[in-house]
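A short worksheet on the structure shown next.
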Amino acid sequence: MLPYFTQDFGNAASHSHVFGWRAEAAVTLARERVARAIGARSAGEIVFTSGATESINLALKGVVQASGKTRNHLIAVATEHPAVLDTARALEASGCALDVLPVDAQGLLDPDAVRRAIGPRTLLVSVMAANNEIGVLQPLAEIGAVCRERGVLLHCDAAQAAGKIPLDVSADHVDLLSLSGHKVYAPKGVGALYVRSRPRLRLAPQIHGGGHERGLRSGTLAVPLVVGLGRAIEIACEEREAEAARLAALRARLLSCLEGEVGGVSVNGHPELRLPGNLNVSFDGIDAAALLVALPGIALSTGSACASAQPHPSHVLAALGLSDARIRSAVRIGIGRFTSGDEIDEAAAQIVRAVRSLRALSTPGTRPGYPRAR
């Protein structure tokens, strides 16, 4: 990225001089890298944005506004990110019909539920590939087949999935796909939207002024950020299989320690169909907010990072049908590329100490059924 902050500082939309040509070449290469990462047919199907939230807004609002009023029924999933649910509800308030489908106790959506929900006015189904809180992987190919069979568009929020699991928009029958740079170790503030080109999919732009990005997203591109996204997602795909195995092993190591040392640990979401670096667990008898306060040296959360300022319980865990007590005791643990085995062991030790301490405060003496502190 560094050269595009300094000497190669041209505007990629400037076609009359060498500075613009260099910037355009860098953007074109990044576009090709993003396209390859998701199985797109061509680089021209990639539209750069400021992140997944903007991409989602462009996808959902753009489809609705371009379609007219004959088909205005949308389908989403109860465990979707707020970027999808809030956008869908805004469209509902403007006159669209909206169905939000439930998931099972492990967070999975039944493709047959999608089939039953599709009607003659259904325009689009939005299903995330991997959940941001519980890491659950949806049966995207099966859902895509249902949508294609019924002539309905499929949008996929792949912010959590890109670079971590295989994605193929053609094989999975995905028409629109949103992703975010910082989820693949690119900078914050950049993302992309895949827009199927064959047959051509019409979108109404949400930002006007200049006609950049095939007229779908006006505004001067942040060339260094775009370059960072392209290279970062390429690295993530190159290392995906080895990194997935490493992360899954670290996750198993952490969970084994927690279960063995403190007991009363429940995994939220499907135990196997999940991102390798995601662990969402509830600790019996523990308030998650108090646990986070007791662990200032560890980066944990109780839900979506985008909703952490909101005091409401996790809508994802509520959609699984979990009890209020289990939801309040749940923490989300992310294991990433730079997490080491030593850090996993240190985090586990700190969590164990904090859980034991909080349980001792709530119930004098050693709690029956839990291992005695060493």
Side-chain angles (χ1 to χ4, degrees), residues 4 11-15 20-52 54-60 62-63 66-67 124 126-127 129 140-141 144-145 147-148 151-159 161-181 183-184 186 190-207 210-223 225-238 240:
Y4 302 96
N11 183 340
S14 296
H15 298 152
W21 301 336
R22 288 175 181 170
E24 183 184 26
V27 167
T28 297
L29 177 57
R31 211 182 296 276
E32 292 170 352
R33 286 169 165 170
V34 174
R36 281 197 299 270
I38 62 172
R41 290 189 182 94
S42 72
E45 295 177 310
I46 304 302
V47 176
F48 288 117
T49 68
S50 64
E54 185 192 338
S55 296
I56 289 164
N57 274 262
L58 174 57
L60 272 60
V63 161
S67 69
L124 177 140
S126 186
V127 179
L140 196 59
C147 292
R148 187 58 53 90
V152 172
L153 298 175
L154 175 61
H155 166 259
C156 176
D157 171 7
K164 300 181 181 72
I165 62 172
L167 289 173
D168 189 325
V169 291
S170 297
D172 294 340
H173 306 295
V174 173
D175 300 289
L176 296 147
L177 181 142
S178 307
L179 57 87
S180 193
K183 301 299 184 184
V184 291
V190 66
L193 175 66
Y194 158 78
V195 183
R196 189 200 66 209
S197 62
R198 289 185 291 171
R200 183 171 177 268
L201 194 160
R202 292 182 60 243
L203 286 182
Q206 302 303 298
I207 300 176
H212 306 75
E213 295 298 281
R214 294 164 38 211
L216 293 177
R217 200 273 187 180
S218 292
T220 301
L221 288 177
V223 175
L225 305 190
V226 167
V227 167
L229 170 57
R231 181 62 181 128
I233 201 167
E234 182 179 58
I235 293 170
C237 290
E238 289 170 351
R240 184 179 61 223

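The structure displayed is predicted, hence computed values, not measured ones. Worth knowing before you read on, the calculation uses all heavy atoms, side chains too, and leaves out hydrogens, waters and symmetry mates.
Taking Arg231 as the reference, Arg33, Glu234, Ile235, Glu238 meet the side chain to side chain contact (heavy atoms under 4.5 Å, CB included) condition, with sequence neighbours excluded. With sequence neighbours excluded, the residues that form a side chain to side chain contact (heavy atoms under 4.5 Å, CB included) with Ala23 are Ala12, Val223. Residues meeting the side chain to side chain contact (heavy atoms under 4.5 Å, CB included) test with Ala192, sequence neighbours left out: Val34, Ile46, Phe48, Leu179, Leu229. Listed by chain and number, the residues in a side chain to side chain donor-acceptor pair (under 3.5 Å) with Glu54 are Ser50, Arg217 (sequence neighbours excluded). Ala232 meets the side chain to side chain contact (heavy atoms under 4.5 Å, CB included) test with Val184, Ala186; sequence neighbours excluded.
Leu140 is listed as a side-chain neighbour of Leu154, based on a closest heavy-atom distance under 4.5 Å. At a threshold of 4.5 Å between non-hydrogen side-chain atoms, the residues Leu193 and Leu203 count as touching.
Between Ser126 and Leu60, the shortest heavy-atom contact is OG-CD1, 4.4 Å.
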Step-by-step side-chain contact (heavy atoms from CB on, under 4.5 Å) determination, Leu201 to Val63: CA-CA 8 Å; Leu201 194 160; Val63 161; 4.1 Å; yes
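Pairs engaging residues 40-50 under the salt bridge (charged side-chain N to carboxylate O under 4.0 Å, His left out) rule: none recorded [sequence neighbours left out]. Residue pairs satisfying the salt bridge (charged side-chain N to carboxylate O under 4.0 Å, His left out) criterion with at least one member in residues 164-181, sequence neighbours excluded, are listed as follows: Arg148-Asp175, Asp175-Arg196.
Partner Val47 forms a side-chain contact (heavy atoms from CB on, under 4.5 Å) with one of His212, Arg31, Arg214 and no other, that one being Arg214.
In terms of modelled atom types and a separation under 3.5 Å, the side chain of His173 and the main chain of Ala145 share no donor-acceptor contact.
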